2 protein chains.
Amino acid sequence: MVHIPSRSMSKPDGQPVGQVAQMLRAAGLRPTRQRMALAKILFSGGNRHVSAESLRDEAVDARVPVSLATIYNTLHQFTTAGLLREVAVDAARTYFDTNLSNHHHFYNEGSAGVCDIPTDGLVIENMPEPPEGTEIVRVDVVVRVRPKS
Amino acid sequence: MVHIPSRSMSKPDGQPVGQVAQMLRAAGLRPTRQRMALAKILFSGGNRHVSAESLRDEAVDARVPVSLATIYNTLHQFTTAGLLREVAVDAARTYFDTNLSNHHHFYNEGSAGVCDIPTDGLVIENMPEPPEGTEIVRVDVVVRVRPKS
DNA sequence: CTGTGTGCAAACTCTTTGCATAAGT
DNA sequence: ACTTATGCAAAGAGTTTGCACACAG
């Protein structure tokens, strides 16, 4: 048996050293199997918008054994760690967005799908002062669309 | 016993003739006790933002016997009838808004309170084209604020 | 009277939690 | 070894539904 080195393999002492593992470490999260797997699903494509359930489905497809509770935990941990952003478009489901930059969303009420609006595609002017004693955290714009009839 | 006429009393045949009753009739909804009571709570002040639970609390305060299921039914019926508008600011709770005009919202993440941003206080420019095969239903802007620390 | 609305309680969905087991360092 | 994460199942919140009774027309 010959040892074949690889970016995503473990060091002799067993510590994973891949990019994903380092991203998790940097965020203060231990690179466990489930977190690594979910992080790979989430961050190895372009920008993604997932719900807990859609991510679970992807994990199942990828043969990753992970419970729904862990999906929720992980999504919130990633959000707290600044790796994901929560998007409130529909009261029925919570969506998470891998795109952390300042941008907004289309929400298709027919398919319940979310997609990005590029930052430069929309400008808000004449922003009002927030109520006294409060400060602005973020401005979310949701452009609701539906299939043309 | 003397008959004292009033705008909100019933006609001899028992049909309520108040403004609220007529609003409901116009919307195709029978002016029942509960719907009348909830409509009065909702539409006899300025613009309101309610959740099912806050409306139930108000109904209890107003000595209106109404079940939570009826609150939900009524809110959705009013929304479908175009008397209310649903506002998606927080995935945890559904808010309904009596202000039907084109406007946006402040959402206080600390108190979970919603309030209006006047239409003229915010302008969106350079609106992008919606995805192919879809048309824009509405644009919602939520300015998330939190108590100043 | 006839049909619609309401209340109640139970069902349902999405999400969170408690605790024993498994995995990471 | 010691600590933290995971899985499972059960609880929890908010919302919806089914059915018998009550009310509006």
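Fair warning: this is a prediction, and the values are worked out from it, not measured in the lab. Lettering of chains follows the sequences in order, A, B, ..., and the numbering in each one begins at 1.
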- Message: Using whole Å, what does the distance between atom P of nucleotide D/dT15 and atom CG of B/L55 come to?
- Response: 12 Å
- Could you tell me if the ring centre of B/Y95 sits under 6.0 Å from that of B/H105? no
- Phosphate oxygens OP1/OP2 of C/dT15: is one of them under 4.0 Å from a side-chain N or O of A/R93? no
- Message: What is the distance, to the nearest angstrom, from the CG atom on A/L24 to the C1' atom on C/dG24?
- Response: 13 Å
- Using the ring of each side chain (for Trp, its six-membered ring), is A/F43 parallel, tilted or perpendicular to A/F78, with breaks at 30° and 60°? tilted
- Message: With a 4.0 Å cutoff (strictly under), does any side-chain N or O of A/S67 reach OP1 or OP2 of D/dT6?
- Response: no
- Message: Output the rounded distance in Å from CG (A/D90) to C1' (C/dC14).
- Response: 12 Å
- Could you tell me whether the phosphate oxygens of C/dT6, OP1 or OP2, come under 4.0 Å of any side-chain nitrogen or oxygen in B/T32? yes
- Is the phosphate of D/dG7, meaning OP1 or OP2, less than 4.0 Å from a side-chain N or O of A/Q34? yes
- Are the charged groups of A/E109 and B/R138 less than 4.0 angstrom apart, N to O? no
- Message: Go nucleotide by nucleotide along DNA chain D from the 5' end; which of B/R30 and B/H76 gets its closest nucleotide reached first?
- Response: B/H76
- Message: Within the 4.0 Å heavy-atom criterion, would you say B/T94 contacts the bases, only the backbone, or no part of the nucleic acid?
- Response: sugar-phosphate
- Query: Has A/R33 got a side-chain N or O lying under 4.0 Å from the OP1 or OP2 atom of C/dA22?
  - Reply: no
- Grab the CD-C1' distance between B/Q77 and C/dT6 for me, whole Å please. 10 Å
- If you check every side-chain atom of B/A69, which of C/dC8, C/dT17, C/dT15 has the closest atom? C/dC8
- Item | Rounded interatomic separation in angstrom, taking OH from A/Y72 and P from D/dA9 | 17 Å
- B/T74 or B/A91: which one's nearest nucleotide on DNA chain C is closer to the 5' end? B/T74
- Message: Check this one for me: any side-chain N or O of A/T70 less than 4.0 Å away from OP1 or OP2 of D/dG7?
- Response: yes
- Item | Short N-O contact, A/D140 and B/R144, less than 4.0 angstrom | yes
- Check: B/V50 main-chain N/O paired with B/S54 side-chain donor or acceptor under 3.5 Å: no
- Task: Calculate the interatomic distance between B/Y95 atom OH and D/dT15 atom P; express it in whole Å.
- Result: 10 Å
- Quick one: A/R56 CZ to D/dC8 P, roughly how many Å, whole number? 12 Å
- Query: Between A/I71 (CD1) and C/dT15 (P), how many Å, whole number?
  - Reply: 12 Å
